[in-house]
Amino acid sequence: MATQNSSVARAEELKLQANEAFKAHKYAQAIDLYSQAIELNGETAVYWANRAFAHSKLEEYGSAIQDASEAIEIDPKYSKGYYRRGAAYLAMGKFKDALKDFQQVKRLCPNDPDASKKLKECEKAVMKLKFEEAIAVPESERHSIADSIDYHSIGTVPNSSSLSTQAAVASVAVAIVAAVVVLVGTAAAAVVLMLLVCLGAYWWGYGGGLFSRSSDIDLDVEPQYSGARIEGDVVTLDFLKRMIEDFRNQKCLHKRYAFQIVLQTREMLRALPSLVDINVPHGKHFTVCGDVHGQFYDLLNIFELNGLPSEENPYLFNGDFVDRGSFSLEVILTLFAFKCMSPSAIYLARGNHESKSMNKIYGFEGEVRSKLSETFVELFAEVFCCLPLAHVINEKIFVVHGGLFSVDGVKLSDIRSIDRFCEPPEEGLMCELLWSDPQPLPGRGPSKRGVGLSFGGDVTKKFLQENNLDLVVRSHEVKDEGYEIEHDGKLITVFSAPNYCDQMGNKGAFIRFEAPEMKPNIVTFSAVPHPDVKPMAYANNFLRMFS
């Protein structure tokens, strides 16, 4: 009995230490301390729920869901268990699962105003999702938004034909409401009117099939526009420097030039294979960067430290250019513009955040809609599907955003043959390339994120041997020093967003390789100041409530 009481007391001490580590943003340390508490007293729901919260802070939503579910199993009336699990489901875009948990929170805490507020926001998110599903155009009937845009004639005023069409449909809507009032009364008319307003807003603003997307078309650059300009069809270094300086001062690029950059990049990316081979000549160097996540001013710092991209100073940015950071548009336009200026100066790989589902939740979609237009939201989604999935440098270094695979025997030719022109699936090679993570133990295990898998050093070693490679470089995970070397030196994680989300306190890093040896030279750096726009400023409103 004394031993049991001692274990319970020690577990409580460890929980308090974990809480302090959590407050200091030392989430990995907090997880370790909560785990020790659980080993001593695994029947206390709060330990599991607290560890779930720490996992969520590290974006390990699969582990968060497992821990929160364990807390619920221990105490089915423990509201915080449902709360933590619902928040993790939300972060994964599983709104319907999140709604069930928040409904349970409301049942357990009927007088809690915070629970009521979050439930209402979750209900809105689910209703919006159902609405979007209802009006979605079938995949077989969709047309490329890029094919409808001529960037030489971009402006801001709708053309008369679309306005007349919209006016005609508006008249029909009014007639329908009037008829409903006569037949069934005002209450039903109000419901019909609300539905028509929703549909009208979608079609008018987004062009869901009835109206031409003319809100960005028909005018040249306004005479009063004083920002960076592209002369003709060629993106030059002078333009790039001017654009970067404008972005640094929080000025916008005209839509006409933004369209030009994105569309020209799309054409280049479409022509590339899913696995791109890069050759670094003898005596030359090559730089690999990890996640940037919309931290534009830290991107500029990379260029200050290592030079601007050029044919003599080439870069590979390894995915997750956007989301979370609130200068994602400036980041992606800068990277795309360098690609336009000199295709061999910069290579771009897809990350798990170059997808509609992530952009909808974590801010890029809202930022693009705020700074440019809805048309650009669709255009970026289309271009992201053109990004290659992996690169091989000098036939020896395999670079991918996430990691390796759930099966042995995957060859480089299998990766080359992936049809990548789609949103990332929830399983298979493409999913695993974007989502998987290394683990210290051998073999394979479930993903702590809830998508992809975890793979051990033996998996890395076998993949390298079977493909005659020397090293895996990947990104996808925050590291305290900006990088981590694992799997007996055969795998390096590089992460280039220092002080991630303005709270993690981590360094950023990039890797320089010198040919012919191609030994990794890792450079670390700290965060630099940025304007007072918080991370996630454009994120899904419901998600911001948990940030």
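Since the model is a prediction, treat every value here as computed from it, not as a measurement. For the numbers below, each heavy atom of this structure counts, side chains included, while hydrogens, waters and symmetry mates do not. One-based numbering along the sequence shown.
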Please name the pair of heavy atoms, one in [X] and one in [Y], separated by the smallest distance, quoted to 0.1 Å.
X	Y	result
I65	A88	CG1-CB, 3.6 Å
D414	S417	O-OG, 2.9 Å
S326	E367	O-OE2, 3.3 Å
A337	L240	CB-CD2, 3.5 Å
N506	A497	ND2-O, 3.0 Å

Run D502 and H530 through side-chain contact (heavy atoms from CB on, under 4.5 Å) and show every step you take.
CA-CA 10 Å; D502 282 1; H530 63 75; 2.9 Å; yes
In plain terms, say whether E60 and R449 are close enough for a salt bridge, that is, a side-chain N and a carboxylate O under 4.0 Å apart.
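No.
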Just checking F259 against Y257, ring centres under 6.0 Å apart?
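Ring centres of Y257 and F259 not closer than 6.0 Å.
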Which residue pairs pass the salt bridge (Lys or Arg N to Asp or Glu O under 4.0 Å) test with at least one member in residues 341-363, sequence neighbours excluded?
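As it turns out, the salt bridge (Lys or Arg N to Asp or Glu O under 4.0 Å) pairs with a partner in residues 341-363, which skip direct neighbours, are E132-K360, K360-E365.
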With a 6.0 Å cut-off (strictly less than), is the heavy-atom count around [atom1] of [X], excluding the residue itself, greater than 12?
X	atom1	result
Q250	CD	yes
M127	CE	no
K411	NZ	yes

Examine K339 relative to Y347 and say whether NZ or CZ is less than 6.0 Å from the centre of the six-membered ring and inside a 45° cone about the ring axis.
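Ring-cation test returns yes.
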Could you state the interatomic distance from CD (E304) to CG (D298), rounded to the nearest 0.5 Å?
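Going from CD on E304 over to CG on D298, the span is 12.0 Å.
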